[in-house]
Structure formats: C-alpha cells, structure tokens
Amino acid sequence: MAHAHHHGHDHQHSLAAPMQYGRAFGWGIALNLAFVAAEAAGGLWANSSALLSDAGHNLSDVLSLALAWGAMLLAQRPTSARYTYGFKGITIQAALVNAALLYVALGIILWDTIDHLRHPAPVNGQMVMLLAGIGIAVNGFTAWLFSRGQSGDVNVRGAYLHMLTDALVSVGVVAGGALVYWTGWLWLDPAISFIILGIVAFGSWGLLRETMQLSLQAVPNNIDLDAVQRFLLAQAGVQQVHHLHVWPLSTQETALTVHLVRPGFPHDNAFLHQLQDDLQHQFSIGHATIQIEEASSTGCVSDVCDVRTVGNTVSS
C-alpha cells in the first residue's frame with residue numbers, strides 16, 4: 001500500500017491574493033465609506049428613499065469588503081498543532097456571513113421603502129441624480145479593481161458583483177431622479193427603490209447558494225467530479241476508484257482524497273507525484289492525498305464508499 005500527500009502548487013497563489021487585492025480592498029472601502037456618508041446625507045436632505053436604500057446597501061458593501069479582506073489576511077496565518085490547515089476555512093465563513101448580512105440589510109431597507117411609499121414626500125431630483133452619478137463612478141471603479149480576480153475566488157467575486165451591481169443600480173437611480181424631477185410623480189422614488197432591492201436580491205442569490213454549499217464542504221462549482229473520476233480511472237494500471245472525496249479548504253484551495261486500486265504498482269512514487277501535479281493543473285486541486293491499493297477494499301460503509309470500475313459502475 002502506498003500513500004502520498006501533496007499541497008504545494010496553489011499555496012503561492014493563496015499567499016498572493018491578499019497582497020494583490022489589498023490595495024483594491026483598501027480603495028474600495030475608503031471610496032465607498034466616503035460615498036455612503038455623502039449619499040446618506042443627500043438622501044435625508046433630498047428626502048429620497050432610493051438614495052437612502054442605495055446608501056444602506058453601499059454600507060453593507062463596505063462591511064462585506066472589510067470582512068472579505070480580513071478573512072483573506074487571517075487565512076495566511078501559519079498552521080499549528082490544533083489548526084493543521086491553519087485558518088483557511090475562515091474565507092468560506094466570511095463569504096457566507098457577507099451573503100447573509102446582505103439579505104438582512106435588504107430586509108431593513110425594504111421596510112423603510114414601504115414606509116416611504118405609504119407616506120410620499122417631495123424629492124429633490126437634482127440631488128438624487130448628482131449623488132447617484134457619483135455612485136456610478138465610485139462603484140464602477142471599484143468593480144474594475146476586482147474584475148481580473150473574480151473568477152478565482154468567491155470572496156473577490158462577491159466584491160466584484162456587489163460593486164458592479166451597485167454601479168448598474170446607480171444608473172437606474174439617475175434615471176428615476178430625472179423622471180421625478182420632470183414629472184413630479186413622488187411614487188417613482190420608492191418604486192425605483194423596490195426595483196433596486198429586487199435586482200440586488202436576485203443578483204446575490206447565486207453567491208449565497210454557492211457559499212452555503214462551500215460551508216457544507218460540497219464539491220466546488222468549478223470542479224466536475226465525474227471528470228475527476230474519469231481522469232483517475234484513465235491512469236495507467238488503475239482498475240478501481242473508491243473513497244473519492246473533493247471539498248474546499250478555503251475559497252481558493254481544494255482538497256481531494258482517493259483510494260486507487262492498481263495491482264502490480266503498489267509503490268510507484270513517480271506515478272503519485274505526476275498524478276498530483278496533473279490534478280493541480282487540470283482541476284485546480286492542490287491538496288491531494290492518494291492511497292494506492294493492490295486489491296479493492298471490502299466492507300465499505302454506504303455513505304463514504306464509492307467504487308467505480310472501468311466499463312462498469314457500482315455504488316455501495
């Protein structure tokens with residue numbers, strides 16, 4: 001029986017992430033804090049629920065950026081005897097908390113918007129357009145800062161989607177402010193706020209679902225488990241694959257454990273190292289623990305054993 005563990009290739013990528021995006025997080029937090037203060041003051045002065053709702057959402061984005069940045073920094077702490085994987089998993093928890101807090105904020109803003117709809121008041125359309133126009137620039141620039149890394153990390157993608165959504169929503173607020181200014185229809189302002197809430201809730205649902213899956217150690221969305229299985233079965237000498245598990249260690253790193261039945265090749269270290277390199281480069285699985293067996297194990301428990309043979313599939 002041979003066993004090998006490998007986790008070297010994506011470690012440098014995870015170390016680079018907080019350094020690479022530290023400036024982006026810093027700029028995003030500073031710009032959005034300043035904009036939230038201006039938008040909240042302008043919303044109160046202009047009596048605009050659309051501006052206030054957008055300010056509330058931008059404040060939640062500031063908290064989201066701070067949590068994501070802090071989690072990425074904590075994830076770099078070294079391992080210990082108790083925390084053998086370090087604090088990598090905190091990035092998943094931060095992403096889940098951010099997604100949940102977003103919907104809490106949406107609920108609070110919805111309550112305020114309903115109150116404005118029941119008790120309409122005059123709105124300063126020019127102020128609404130001015131501040132929302134600034135929001136387009138602030139959020140658009142912040143989204144651009146995260147655009148290159150949004151495909152590789154759910155925290156970075158969350159920041160990118162939040163900022164991009166806010167920029168698009170600000171476009172709608174500008175249009176709504178113009179309509180209120182020219183028509184005098186006060187109900188348009190809370191109606192636009194409802195649309196903002198709907199867009200944000202719909203756009204964030206996928207992120208909430210993905211972070212929930214990651215927190216439950218589900219196979220990450222970017223990995224096709226069947227493709228991994230076929231790849232392992234296609235390796236020279238492999239007759240069976242069982243105890244195959246793939247789960248996220250963090251929002252950037254993925255782990256795999258598997259038993260391979262490979263008669264006649266029980267101690268082939270070159271095979272193991274090459275297989276681990278291939279798993280990293282083809283599937284972005286950087287923490288692979290592989291056990292080689294000369295014969296299939298027996299007495300598997302149904303919820304942890306998954307035996308597959310070439311040309312025939314058996315689950316037990």
Side-chain angles (χ1 to χ4, degrees), residues 1-14 75 78-93 152-154 210-310 312-316:
M1 178 179 294
H3 169 276
H5 175 64
H6 169 71
H7 57 90
H9 293 283
D10 63 349
H11 188 58
Q12 291 182 346
H13 172 71
S14 63
T79 61
S80 67
R82 179 170 296 275
Y83 299 98
T84 57
Y85 279 123
F87 289 83
K88 301 179 189 302
I90 200 170
T91 57
I92 297 175
Q93 297 171 17
D153 185 278
V154 69
E210 182 177 357
T211 54
M212 279 290 294
Q213 292 170 343
L214 291 176
S215 69
L216 295 172
Q217 296 188 321
V219 178
N221 288 341
N222 64 316
I223 294 179
D224 184 344
L225 189 61
D226 288 334
V228 174
Q229 166 205 319
R230 291 192 298 269
F231 169 77
L232 293 172
L233 285 170
Q235 302 306 303
V238 174
Q239 294 184 358
Q240 293 181 1
V241 174
H242 61 96
H243 290 295
L244 172 60
H245 300 278
V246 177
W247 73 97
L249 292 177
S250 71
T251 56
Q252 293 180 327
E253 300 176 67
T254 303
L256 172 148
T257 61
V258 66
H259 293 198
L260 303 180
V261 178
R262 195 171 185 249
F265 303 90
H267 303 292
D268 191 346
N269 289 328
F271 168 80
L272 288 172
H273 290 303
Q274 183 60 53
L275 182 56
Q276 289 161 341
D277 287 341
D278 291 341
L279 286 169
Q280 164 64 31
H281 292 115
Q282 295 188 35
F283 300 100
S284 297
I285 298 174
H287 293 253
T289 302
I290 302 168
Q291 182 168 309
I292 302 296
E293 300 174 353
E294 294 190 54
S296 177
S297 61
T298 59
C300 296
V301 181
S302 61
D303 61 344
V304 297
C305 183
D306 189 24
V307 180
R308 291 178 171 87
T309 60
V310 180
N312 185 35
T313 301
V314 179
S315 297
S316 61

- Evaluate the side-chain proximity of L279 to F231: yes if any heavy-atom separation is below 4.5 Å, no if none is. yes
- Rounded distance [0.5 Å steps], CD in E253 versus OH in Y85: 10.0 Å
- Does any N or O in the side chain of Q280 come within less than 3.5 Å of the main-chain N or O of Q276, such that one atom is a donor and the other an acceptor? no
- Task: Kindly write out the residues that satisfy side chain to side chain donor-acceptor pair (under 3.5 Å) with D278, not counting sequence neighbours, or none if the list is empty.
- Result: Q274
- Side-chain contact test, heavy atoms from C-beta onward, threshold under 4.5 Å: evaluate it for E293 versus H242 and give yes or no. yes
- Message: Counting C-beta onward and ignoring hydrogens, is there a side-chain heavy-atom pair between F271 and I292 closer than 4.5 Å?
- Response: yes
- Message: Any heavy-atom pair between the side chains of L260 and L275 that's under 4.5 Å?
- Response: yes
- Q93 meets the side chain to side chain donor-acceptor pair (under 3.5 Å) criterion, sequence neighbours left out, with none
- Task: May I ask you to test the R230-D226 pair for a side-chain heavy-atom distance under 4.5 Å?
- Result: yes
- Query: Is there a donor-acceptor contact under 3.5 Å linking the side chains of Q291 and H243?
  - Reply: no
- Task: Output the distance between atom CD1 (I92) and atom CD (Q217), rounded to the nearest 0.5 Å.
- Result: 8.0 Å
- Query: What residues form a side chain to side chain contact (heavy atoms under 4.5 Å, CB included) with T84, not counting sequence neighbours?
  - Reply: none
- Distance, nearest 0.5 Å, that separates OG1 of T251 from CD1 of I90: 11.0 Å
- Nearest-0.5 Å distance, CG of residue L214 to CG of residue L249: 11.0 Å
- Message: Can you tell me how far apart OG1 (T257) and CG (L244) are? Round to the nearest 0.5 Å.
- Response: 7.5 Å
- Distance in Å, I285 CD1 paired with I223 CD1, rounded so as to fall on 0.5 Å steps: 4.0 Å
- Item | Nearest heavy atoms of P220 and V246, plus distance in Å | CD-CG1, 4.3 Å
